[in-house]
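Data block below; observations after.
Per chain, numbering begins at 1; letters A, B, ... match sequence-line order.
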Amino acid sequence: MRSFYVTTPIYYVNARPHLGHSYTTVVCDVLARYHRLEGRSVHFLTGTDEHGQKIERAATERGLAPIAHADEIVAGYQALWERLGISHDDFIRTTEPRHRLAVEEIIRRIAAAGDLYSGRHDGWYCTSCELFYTEKELVDGKRCPVHDSEAEWRSEENVFFRLSRYETPLLEWFASHPEFVRPESRFNEVKRFVEAGLRDLSVSRAGLKWGIPFPGHEGQAVYVWLDALTNYVSALGFGREAPADDLWNRFWGGGEREVLHIVGKDILRFHTIYWPAFLLSAGLPLPDTIWVHGWWLVDQRKISKSGARVVPIEPLIDRFGADAVRYFLLRDMVFGQDAGFSDEAFVERYNSDLANGLGNTVSRLVTLSRRAFDGRTPPCACDDNPLKEGAAAAVEKYRDAMAELQFDRALRAVSELVGQVNQYLVEREPWKLIRQEEQRETLSRILWNGLEAVRVAACALSPVMPTASSAVLAAIGAEPPAGWADLAWGGLAVERPLPESEALFPRIDKDKYLAALAADTEADASEEEQDPVISIDRFFETELRVATIVAAAAVPKSDKLLQLTVDLGSSRRTVVAGIAKQYGAADLVGRQVVVVANLEPAKLMGIESQGMVLAASDDGEPVLLHPERPVPDGTRVR
RNA sequence: GGCGGUGUAGCUCAGCUGGUUAGAGCGAGCGGCUCAUAACCGCUAGGUCGGGGGUUCAAGUCCCUUCACCGCCA
């Protein structure tokens, strides 16, 4: 059986984890657990991407060393993964020595293949994206289209990777590996992108201190993507002299393996074009599949039209438990598509599938069985009944869906089985048989069937809800599955003690829950409203002074602007004001106004304005402010 | 502007290579049951399958066109 290597992207340590990170990681965890149950040799990797100017700057702003900043964010990720029950085998950090070795080795190989050269690179650079942009791509010719921050003009000597050389090899690879990128629509995007032609890629940055030094190129650091992508092999010991384990051969270098990268659609190109090209150049095997999933979107019925609300995941875990969150994430998103997140959908899913469905079914079966059979599982098993067939069909559907990463379908199949149990119980009405001694065997078979079907369902759920699955199994006197053989009918022992158990998934009052959330949100909102309050010190940062207008003239080619010369007592300045429509130049001379004296100079129509004249804005129309009686020029306004 | 995707019951979605009265879950209404977490079971809800045109004995399912939204590219 092929080994199975599954990876999350490594997460950038610029922000705390949110729903999106959790989703990707949970998906990988479910796959890892699923394939472990299948008996495959599994390696599950996640980690963090920690280099780059953005991190360097963020750390500096916080007065921390970059690594200290990274450590803190990493701790947050690791704590969350712990809470979510993530069973990764390794956690790679790009700041680790083992990673650096791998990056150096892959560069050595790429260089040996003749795919690196030095060249000049100039253009507009966004430090947030760590990318160069063309002027066209920038908003207003100067702002990053993604971050809306101002791009910097950079001109530097860089190391380039001959990506253009891999156009044909990549297309050939795509053609011969129809499952290289999934879903298919994403694969099409990638193919078209490559067909349109590939430009060589800058793979180094000059002057980047927080990065891996580029071997053989003094003063250059490895560009973040070449750095980051290599994590997938560095964690396996690639580049190390004598790896203690044989991870590299078992999970990447050898033949009988499956490598699966799970990524969000935002990093499609890096994983499906750059990464394979790097590997081809380095003479290394490629991953089998890059599977691209969509995003969780938040319905913004509330005002804020800008940026979607970030969904914090901790409160959900606090309230419902990690397993319920995991279940929801997999059940309510069609893998590969976008999905909408809402608290309402969450509660509804929780109540219908887990509380009313699985939880309640366990509860009614356990209660009946305990009552009828002295606190034990029924004494007679049964090998011929509709539930047996239902369970077999459900397991087949479940496994087919899981193999295709159709988690929603897999879980639906399990819910259907639970539904069949309830149906079966209503048809057989076991509660009516409890007091009839002569029906004891019939009753036993009925309850045993129900319990056994639940056992199968719970086993199937174990990759998705490891803890809850064990709890269900314990409640019905069964064991957690050791392998898929345990999904076969007949695993429930007879006359096993049935513990008295609490509700596994207590039903949530949806209206109350949503009302409580709304109240919290309102409280937050009112706090936010108070937020804009500034301290007196902050106000005094603005230096307002009285000044007299000593000269005024219309700005050529502008119908709104006037060029004013104002006397601040100790100095004179030029100020450009957009008041030409309301005030004639001649009328203004001699008037006292209030100006912002410490404003950063700005060019308006080619004239440098060294301040700003204060005016009330009456429906957009400026109305100049002036002192009630003349005061010396330069008097501070406060 | 080019390429691709999506548009099916109030909501979330199934509907493979065209073929009986277009399905499921949730929500809603009605009825049943009482073992269970005010749960569970049954029935009902009559949706022009975005619009228009075409191919066919037969189209949600193929072709053309058009609208809306999304993605990638330019």
Side-chain angles (χ1 to χ4, degrees), chain A residues 134 136-137 145 181 183-199 264-270 272-273 292-297 299 301 324 328 331-342 344-373 378 397 400-401 404 406-409 411-416 418-435 443 446-447 450-451 454 472 475-476 498 500-512 514:
Chain A
T134 64
K136 262 188 171 178
E137 290 170 319
V181 180
E184 208 180 336
S185 57
R186 296 291 169 196
F187 203 1
N188 290 335
E189 267 176 30
V190 172
K191 287 174 184 166
R192 278 195 307 277
F193 184 86
V194 176
E195 281 162 5
L198 295 173
R199 272 180 301 185
K265 61 184 184 179
D266 48 327
I267 49 178
L268 175 69
R269 206 187 307 164
F270 304 104
T272 57
I273 299 172
V292 187
H293 71 249
W295 287 339
W296 283 98
L297 306 173
D299 54 347
R301 61 192 156 197
F328 173 82
R331 176 63 182 80
D332 266 44
M333 178 182 270
V334 176
F335 192 69
Q337 296 181 22
D338 288 348
F341 175 87
S342 76
E344 189 175 359
F346 191 101
V347 188
E348 282 176 0
R349 180 60 66 197
Y350 173 88
N351 276 342
S352 67
D353 288 13
L354 300 180
N356 301 347
L358 182 60
N360 181 53
T361 307
V362 169
S363 176
R364 62 197 306 202
L365 281 167
V366 167
T367 303
L368 285 168
S369 192
R370 276 173 56 84
R371 198 174 299 170
F373 303 108
K397 265 172 103 172
D400 287 349
E404 285 293 304
Q406 302 284 342
F407 305 110
D408 61 318
R409 292 188 185 208
L411 293 174
R412 209 178 300 158
V414 176
S415 287
E416 279 165 16
V418 173
Q420 284 174 42
V421 174
N422 280 316
Q423 217 172 330
Y424 177 81
L425 291 177
V426 170
E427 278 166 17
R428 308 296 162 110
E429 300 183 309
W431 47 91
K432 287 186 176 167
L433 308 178
I434 279 190
R435 285 190 189 83
L443 176 61
I446 293 169
L447 294 182
L451 286 164
V454 165
V472 168
I476 61 172
L498 278 175
E500 194 172 354
S501 56
E502 306 246 314
L504 295 159
F505 302 100
R507 191 183 158 79
I508 304 294
D509 186 320
K510 181 174 126 190
D511 293 335
K512 273 189 196 165
L514 293 178

Interatomic distance at P, B:rC40 relative to B:rG4, whole Å | 46 Å

So what's B:rC69 paired with, Watson-Crick or G-U wobble, going by both distances under 3.5 Å?
-> B:rG5

A:Gln420: partners by side-chain hydrogen bond (donor to acceptor under 3.5 Å, both in side chains), with sequence neighbours left out = none

Sequence neighbours left out, what passes salt bridge (charged side-chain N to carboxylate O under 4.0 Å, His left out) with A:Lys191? Give chain and number order.
-> none

When the side chains of residues 360-372 of chain A are checked against the rest of the protein, which donor-acceptor pairs come out under 3.5 Å, sequence neighbours left out?
unit_1   : atom_1 : unit_2   : atom_2 : d
A:Thr361 : OG1    : A:Gly357 : O      : 2.6
A:Thr361 : OG1    : A:Asn422 : ND2    : 3.1
A:Arg364 : NH1    : A:Asn422 : OD1    : 2.7
A:Thr367 : OG1    : A:Ser363 : O      : 2.8
A:Ser369 : OG     : A:Arg376 : O      : 2.9
A:Arg370 : NH1    : A:Leu498 : O      : 2.6

The salt bridge (charged side-chain N to carboxylate O under 4.0 Å, His left out) partners of A:Glu404 (sequence neighbours excluded) come to A:Arg182

Ring pair (Phe, Tyr, Trp, His ring centres under 6.0 Å) filter on A:Tyr350, not counting sequence neighbours, yields A:Phe320

Nearest-Å distance once atom P is located in both B:rC49 and B:rU34 = 44 Å

Identify all pairs in which a protein N or O lies below 3.5 Å from an N or O of nucleotides 8-14 of chain B, and state each distance.
unit_1 : atom_1 : unit_2   : atom_2 : d
B:rA14 : O3'    : A:Arg409 : NH2    : 3.2

Spacing between A:Phe328 atom CZ and B:rC26 atom C1', to the nearest angstrom | 13 Å

Interatomic distance where CD1 belongs to A:Ile267 and C1' belongs to B:rG71 [whole Å] = 16 Å

Taking the inter-plane angle between the rings of A:Phe341 and A:Phe346 on a 0 to 90° scale, is it parallel (under 30°), tilted (30 to 60°) or perpendicular (over 60°)?
-> tilted

Using the C1' atom on both, measure B:rG7 against B:rU12 and round to a whole Å.
-> 14 Å

Nucleotide forming a Watson-Crick or wobble pair with B:rA14, both distances under 3.5 Å = none

Value in whole Å for how far the C1' atom of B:rC3 lies from CZ of A:Arg186 = 14 Å

B:rC40 phosphate, OP1 or OP2, under 4.0 Å from A:Asn356 side-chain N/O | yes

Just by protein heavy atoms under 4.0 Å, how would nucleotides 28-35 of chain B read 5' to 3' in B, S and -?
-> -----SSB

Can you tell if the side chain of A:Phe187 reaches within under 4.5 Å of the side chain of A:Thr272, non-hydrogen atoms only?
-> no

Quantified in whole Å, what is the P atom distance between nucleotide B:rU56 and nucleotide B:rG10?
-> 34 Å

Paired to B:rU56 by Watson-Crick or G-U wobble criteria (both distances under 3.5 Å) is none

Pairwise C1' distance, B:rA9 and B:rG53 [rounded to whole Å] = 26 Å

For A:Ala355, answer base if it contacts any base atom (sugar-phosphate contacts may also be present), sugar-phosphate if it contacts only those atoms, and nothing otherwise; contact means non-hydrogen atoms under 4.0 Å.
-> base

Here the distance between atom P of B:rG25 and atom CZ of A:Phe346, to the nearest Å, is 22 Å

Nearest-nucleotide check on RNA chain B, A:Val418 vs A:Leu268; residue mapping nearer the 5' end is A:Val418

Measure the CD-CD1 distance between A:Glu427 and A:Ile446 for me, rounded to the nearest 0.5 Å.
-> 10.5 Å

Hits for salt bridge (charged side-chain N to carboxylate O under 4.0 Å, His left out) against A:Asp332, two or more places apart or cross-chain, chain-then-number order -> A:Arg349

Calculate the interatomic distance between A:Asn360 atom CG and B:rC41 atom C1'; express it in whole Å.
-> 12 Å

Quote, to the nearest angstrom, the C1' distance that separates B:rU20 from B:rA58.
-> 11 Å

Take atom CD of A:Gln420 and atom P of B:rC40, then tell me their distance rounded to the nearest Å.
-> 16 Å

With sequence neighbours excluded, tell me which residues meet salt bridge (charged side-chain N to carboxylate O under 4.0 Å, His left out) with A:Glu195.
-> none

In whole angstrom, give me the gap between the P atoms of B:rG23 and B:rG60.
-> 13 Å

Quick one: is B:rC40 close enough that its OP1 or OP2 comes under 4.0 Å of any side-chain N or O from A:Gln423?
-> no

Gap in Å between the two C1' atoms, one belonging to B:rC33 and one to B:rA38, rounded = 14 Å

Whole Å only: how far is the CZ atom of A:Arg428 from the C1' atom of B:rC40?
-> 16 Å

From the candidates B:rC26, B:rU37, B:rC41, the one with an atom nearest any side-chain atom of A:Asn422 is B:rC41

Start at the 5' end of RNA chain B and walk down; is the nucleotide closest to A:Asn351 or to A:Pro506 reached first?
-> A:Pro506

Base paired to B:rG31 (Watson-Crick or G-U; both N/O distances under 3.5 angstrom) | B:rC41

Report the distance from atom NZ of A:Lys512 to atom C1' of B:rA38, rounded to the nearest whole Å.
-> 12 Å

Pairwise side-chain contact, A:Glu429 with A:Leu433, heavy-atom cut-off 4.5 Å (strictly under) = no

